[in-house]
S.K.: 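Structure below; questions to follow.
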Amino acid sequence: MSTRALSIRLCAAAAASAAILPAYAADIPSRLPPPPPPSFVALQQGGFYIGTRQAISFADPTKFTSGAGATTFETRYDAGRQMGLIAGYSFAPMFGLVSPRVELEGSFGNPGVAKHSVRQGGVDISPGKTDSFGELRSYTGLVNGFLNFNLGQVAAARGMPWLARLSPFVGAGIGVSQVTLRRQGIS
């Protein structure tokens, strides 16, 4: 009998006996427990960032009267989309708990016209079932400032890891907006 035939028979015998023998807990490889969490919390350092903002805008109705004051024109708008780009800088944490941020934001919005109405002497003289059309365009520039509160150290000290996932902040901003009424009318 050749060595090759003998090794094939031994492998087949080992496979058959392995299928018959029961498995014990000691035969199953054990998994090590996960390592303990670090005893420190790494704070985010400052740096530049860019981003985008998407929002729904709700424009207030526009209203004006004719020169004689007898006729009033009012326009109501649909909800519109506001899209913006931001660029900012986040400073390193101060006192371990607060990180200031400053950013510039530019945005564009264009809600469409929902309905035009015309009133003369307080009576609505708008045509019955007409289609109103047009849009309101807005270009906005803002300078925003924020204070981010780093809860990582508090979470580590109190043993509440879920708290480190929260990122509360307060902020304020100032800006300008240019609003243009475009191609408004009734068909």
Side-chain angles (χ1 to χ4, degrees), residues 43-155 160 162-187:
L43 295 176
Q44 178 183 0
Q45 299 302 312
F48 287 101
Y49 62 92
I50 59 172
T52 181
R53 287 208 173 105
Q54 304 292 320
I56 296 175
S57 65
F58 300 96
D60 290 333
T62 56
K63 191 176 192 179
F64 63 93
T65 58
S66 65
T71 307
T72 303
F73 303 91
E74 183 175 359
T75 304
R76 297 197 175 274
Y77 298 94
D78 293 324
R81 189 169 165 186
Q82 190 82 16
M83 301 169 286
L85 294 173
I86 57 172
Y89 186 80
S90 178
F91 296 91
M94 299 169 54
F95 313 112
L97 294 175
V98 179
S99 299
R101 273 191 301 143
V102 177
E103 65 184 30
L104 298 174
E105 177 181 353
S107 65
F108 167 76
N110 64 338
V113 169
K115 181 182 181 198
H116 291 294
S117 50
V118 181
R119 296 184 181 274
Q120 262 185 345
V123 178
D124 189 357
I125 62 167
S126 305
K129 298 199 180 236
T130 58
D131 289 328
S132 299
F133 61 88
E135 67 181 6
L136 177 147
R137 286 191 177 177
S138 66
Y139 298 93
T140 305
L142 296 163
V143 177
N144 302 318
F146 301 95
L147 290 176
N148 294 341
F149 298 97
N150 305 315
L151 299 180
Q153 288 182 339
V154 175
M160 297 183 286
W162 59 269
L163 191 60
R165 295 182 185 147
L166 300 178
S167 300
F169 65 91
V170 294
I174 188 167
V176 296
S177 184
Q178 177 183 350
V179 178
T180 307
L181 306 177
R182 293 183 36 92
R183 295 181 250 144
Q184 295 192 4
I186 299 173
S187 57

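Just so we're clear, the structure is a prediction, and the values are computed from it rather than from any experiment.
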S.K.: What are the two closest non-hydrogen atoms of V113 and E135, and how far apart are they?
M.R.: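 Result for this residue pair: CG2-N, 3.9 Å.
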S.K.: Please enumerate all residues that pass side-chain hydrogen bond (donor to acceptor under 3.5 Å, both in side chains) together with T62, with sequence neighbours excluded.
M.R.: Y77
S.K.: For T140, check side-chain hydrogen bond (donor to acceptor under 3.5 Å, both in side chains) against everything at least two apart and list the hits.
M.R.: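 Applying side-chain hydrogen bond (donor to acceptor under 3.5 Å, both in side chains) to T140 gives S177.
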S.K.: Verify whether one side chain among Q54 and T52 offers a donor that lies under 3.5 Å from an acceptor in the other.
M.R.: yes
S.K.: If I take atom CG from residue L85 and atom OG from residue S107, how far apart are they, to the nearest 0.5 angstrom?
M.R.: 9.0 Å
S.K.: What pair of heavy atoms forms the shortest contact from G175 to L142, and how long is it?
M.R.: CA-CD2, 3.6 Å
S.K.: Tell me, please, which residues at least two apart from L163 pass side chain to side chain contact (heavy atoms under 4.5 Å, CB included).
M.R.: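 Partners of L163 under the side chain to side chain contact (heavy atoms under 4.5 Å, CB included) test: L151, V154, A155, M160, L166.
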S.K.: Quick one: ring pair (Phe, Tyr, Trp, His ring centres under 6.0 Å) partners of F146, sequence neighbours excluded?
M.R.: F169
S.K.: Is it the case that over 12 heavy atoms from other parts of the model lie below 6.0 angstrom from the CZ atom of R76?
M.R.: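 No, CZ of R76 has 12 or fewer neighbouring heavy atoms, counting only those of other groups under 6.0 Å.
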S.K.: Looking at residues at least two apart in the chain, or sitting in another chain, which of them share a salt bridge (charged side-chain N to carboxylate O under 4.0 Å, His left out) with R81?
M.R.: none
S.K.: Under the side chain to side chain contact (heavy atoms under 4.5 Å, CB included) test, which residues partner V170, sequence neighbours left out?
M.R.: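 Listed in chain order: L147, F149.
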S.K.: With F58, which residues qualify under ring pair (Phe, Tyr, Trp, His ring centres under 6.0 Å), at least two apart?
M.R.: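 Per chain and number, F58 pairs via ring pair (Phe, Tyr, Trp, His ring centres under 6.0 Å) with no residue.
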S.K.: Closest heavy-atom contact between V179 and L136?
M.R.: CG1-CG, 3.7 Å
S.K.: Enumerate the salt bridge (charged side-chain N to carboxylate O under 4.0 Å, His left out) contacts for residues 162-174, please, sequence neighbours excluded, ordered by first and then second residue.
M.R.: none
S.K.: Enter the distance from T75:OG1 to H116:NE2 here, rounded to the nearest 0.5 Å.
M.R.: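 The NE2 atom of H116 is 4.5 Å from OG1 of T75, to the nearest 0.5 Å.
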S.K.: Partners of E103 by side-chain hydrogen bond (donor to acceptor under 3.5 Å, both in side chains), sequence neighbours excluded?
M.R.: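 Once residues adjacent in sequence are excluded, the partners of E103 under the side-chain hydrogen bond (donor to acceptor under 3.5 Å, both in side chains) criterion are Y49, R53, N144.
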S.K.: Looking only at non-hydrogen atoms, find the nearest pair between S132 and K115 and report the distance.
M.R.: OG-CA, 3.6 Å
S.K.: Test of understanding: with side-chain hydrogen bond (donor to acceptor under 3.5 Å, both in side chains), list the residues that count as partners of S57, not counting sequence neighbours.
M.R.: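 Once residues adjacent in sequence are excluded, S57 has no partner under the side-chain hydrogen bond (donor to acceptor under 3.5 Å, both in side chains) criterion.
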S.K.: For side-chain contact (heavy atoms from CB on, under 4.5 Å), just list the numbers for F73 and T71, CA-CA rounded to whole Å, side-chain angles, deciding distance to a tenth of an Å, and then say yes or no.
M.R.: CA-CA 7 Å; F73 303 91; T71 307; 3.5 Å; yes
S.K.: So how far is it from F133 CZ to R183 CZ, rounded to the nearest 0.5 Å?
M.R.: 9.5 Å
S.K.: Please round to the nearest 0.5 Å and tell me the distance separating atom OH of Y89 and atom CZ of F48.
M.R.: 6.0 Å
S.K.: Roughly how far, to the nearest 0.5 Å, is the OG1 atom of T72 from the CG atom of D124?
M.R.: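 The OG1 atom of T72 is 10.5 Å from CG of D124, to the nearest 0.5 Å.
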S.K.: How many angstroms lie between CG in N148 and CZ in F91, if you round to the nearest 0.5 Å?
M.R.: 12.0 Å
